[in-house]
Peer 1: 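Could you have a look at this structure, given as structure tokens, before my questions?
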Amino acid sequence: MNNKTVNLVKLCVGSDGADHLARWQEARLKSGAYSAPEHVTRMRPRRAEEVLNGGSLYWVFQGWILARQRIVALDDRRGEDGKLRCALVFDPQIIRTVAVPRRPFQGWRYLEVEDSPPDLAFKHQGEISIPDDLAQSLAEIGVIQFR
């Protein structure tokens with residue numbers, strides 16, 4: 001068995017931030033559209049074993065990595081066109097990360113663990129978070145830095 005872990009990174013098109021993504025996923029769960037949050041993609045990761053070894057999908061919102069979700073499964077889905085697709089199935093918890101700029105790209109890309117932004121740490125337990133625009137501003141002026 002391979003002990004290596006790799007993450008994925010993907011643009012979150014149509015969402016203005018992690019809070020919006022959380023509300024959207026919650027609504028899809030309540031509607032019965034799926035039993036766990038997922039994103040269906042055309043290609044299955046060739047490094048699936050490494051992705052499933054604790055990997056996460058890092059979400060890019062309007063040019064910034066701001067959050068991640070742990071990938072818990074890679075399931076096959078058949079599209080309306082009959083072609084086989086891959087569903088990235090997530091843990092419902094969306095974890096905020098240090099804001100890191102990321103240029104646009106199509107699809108998803110591998111993101112090595114050592115290149116992944118760290119999770120935001122808070123002094124207090126609970127549902128404390130900072131707004132996405134504040135995290136971006138703090139990163140732009142160097143208050144929160146990654147590498």
Side-chain angles (χ1 to χ4, degrees), residues 1-79 85-140 143-147:
M1 181 174 164
N2 188 348
N3 289 332
K4 187 170 167 57
T5 300
V6 70
N7 298 307
L8 301 177
V9 61
K10 179 166 185 9
L11 302 180
C12 193
V13 179
S15 180
D16 59 4
D19 289 335
H20 185 253
L21 175 65
R23 287 190 307 272
W24 184 81
Q25 287 183 351
E26 195 172 301
R28 301 263 301 157
L29 283 169
K30 285 181 182 176
S31 75
Y34 48 52
S35 59
E38 66 179 39
H39 175 76
V40 178
T41 184
R42 190 170 60 89
M43 301 299 293
R44 182 178 190 83
R46 288 193 176 118
R47 297 171 67 182
E49 185 178 320
E50 295 172 68
V51 169
L52 294 173
N53 191 34
S56 291
L57 180 90
Y58 283 76
W59 291 108
V60 179
F61 302 95
Q62 300 175 351
W64 291 85
I65 297 175
L66 296 174
R68 70 177 178 90
Q69 279 183 286
R70 192 169 59 83
I71 300 170
V72 297
L74 300 173
D75 292 343
D76 290 335
R77 296 283 187 272
R78 182 95 31 209
R85 308 263 194 261
C86 179
L88 308 173
V89 182
F90 307 115
D91 182 300
Q93 182 182 20
I94 297 174
I95 301 163
R96 300 297 183 100
T97 67
V98 169
V100 176
R102 187 70 183 228
R103 291 180 184 229
F105 57 94
Q106 289 189 349
W108 51 263
R109 300 286 184 266
Y110 290 110
L111 181 63
E112 299 297 332
V113 170
E114 58 272 10
D115 298 328
S116 301
D119 296 346
L120 282 178
F122 297 103
K123 292 183 179 180
H124 305 286
Q125 298 281 332
E127 295 296 319
I128 299 172
S129 66
I130 60 175
D132 294 335
D133 57 345
L134 178 57
Q136 292 169 7
S137 297
L138 292 173
E140 286 173 350
V143 173
I144 298 176
Q145 293 184 347
F146 173 65
R147 300 233 191 278

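Note that the structure is predicted; figures quoted are calculated from it, not measured.
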Peer 1: If you look at every heavy atom in Ala36 and Val89, which pair is closest and at what distance?
Peer 2: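 Closest pair (atom of Ala36, atom of Val89, distance): CB-CG1, 3.8 Å.
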Peer 1: Quick one: CD1 on Ile95 to OH on Tyr58, what's the gap to the nearest 0.5 Å?
Peer 2: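 The OH atom of Tyr58 is 8.0 Å from CD1 of Ile95, to the nearest 0.5 Å.
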Peer 1: Any side-chain heavy atom of Thr97 sitting closer than 4.5 Å to one from Leu120?
Peer 2: no
Peer 1: Give a yes or no on this: more than 12 heavy atoms of other residues, nucleotides or ligands lie within 6.0 Å of atom CZ of Arg42.
Peer 2: no
Peer 1: Considering non-hydrogen atoms only, spot the tightest contact between Gly107 and Lys10 and give its length.
Peer 2: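 Smallest heavy-atom distance, with atoms named: O-CG, 3.8 Å.
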Peer 1: Keeping Ser56 on the side-chain end and Asn7 on the backbone end, is there a donor-acceptor pair under 3.5 Å?
Peer 2: no
Peer 1: When you compare the side chain of Leu21 with that of Gln25, does any pair of heavy atoms fall below 4.5 Å?
Peer 2: yes
Peer 1: Could you pull out the closest heavy-atom pair between Thr5 and Gly55, with the gap in Å?
Peer 2: CG2-N, 3.6 Å
Peer 1: Would the distance check show the side chain of Tyr110 and the main-chain N or O of Arg47 forming a donor-acceptor pair, the cut-off being under 3.5 Å?
Peer 2: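 Checked: pair present.
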Peer 1: Using the side-chain contact (heavy atoms from CB on, under 4.5 Å) criterion, which residues pair with Val40? Sequence neighbours excluded.
Peer 2: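 Only Glu38, Arg77, Arg85, Ala87 meet the side-chain contact (heavy atoms from CB on, under 4.5 Å) criterion with Val40.
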Peer 1: In Å, rounded to the nearest 0.5 Å, how long is the span from CG of Leu88 to CZ of Arg44?
Peer 2: 9.0 Å
Peer 1: List the residues meeting salt bridge (charged side-chain N to carboxylate O under 4.0 Å, His left out) with Arg70, not counting sequence neighbours, and say none if there are none.
Peer 2: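 Listed in chain order: Asp91.
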Peer 1: From Ser35 OG over to Leu29 CG, what is the distance, rounded to the nearest 0.5 angstrom?
Peer 2: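 The CG atom of Leu29 is 8.0 Å from OG of Ser35, to the nearest 0.5 Å.
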Peer 1: How many angstroms lie between atom CG of Leu57 and atom CD1 of Ile71, to the nearest 0.5 angstrom?
Peer 2: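 Rounded to the nearest 0.5 Å, the CG-CD1 separation comes out at 5.0 Å.
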Peer 1: Contact between Phe105 and Val9 at the side-chain level, heavy atoms closer than 4.5 Å - yes or no?
Peer 2: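 The answer is yes, as the side chains (C-beta and beyond) meet within the 4.5 Å cut-off.
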Peer 1: Taking all atoms of both residues into account, what is the closest heavy-atom pair of Cys86 and Met43, and its distance?
Peer 2: CB-O, 3.9 Å
Peer 1: Flag the pair Gln62 / Asp16 as yes when at least one side-chain heavy-atom distance between them is below 4.5 Å, and no otherwise.
Peer 2: yes
Peer 1: Out of curiosity, Trp108 CH2 to Leu11 CG, how far, rounded to the nearest 0.5 Å?
Peer 2: 13.5 Å
Peer 1: Using side-chain heavy atoms (C-beta onward) and a distance below 4.5 Å, is Arg102 in contact with Leu111?
Peer 2: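 Side chain of Arg102 against side chain of Leu111, heavy atoms only: contact under 4.5 Å found.
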Peer 1: Glu49 versus Leu74: any side-chain heavy-atom pair under 4.5 Å?
Peer 2: no
Peer 1: Which pair of non-hydrogen atoms, one from Ala67 and one from Ile94, has the smallest distance, and what is that distance?
Peer 2: CB-CG2, 3.7 Å
Peer 1: Mind checking the CG-CD spacing from Asn3 to Glu50? Nearest 0.5 Å is all I need.
Peer 2: 10.5 Å
Peer 1: Suppose the criterion is ring-ring contact (aromatic ring centres under 6.0 Å, His included): which pairs have a residue in residues 19-40, not counting sequence neighbours?
Peer 2: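 Listed once each, the pairs would be none.
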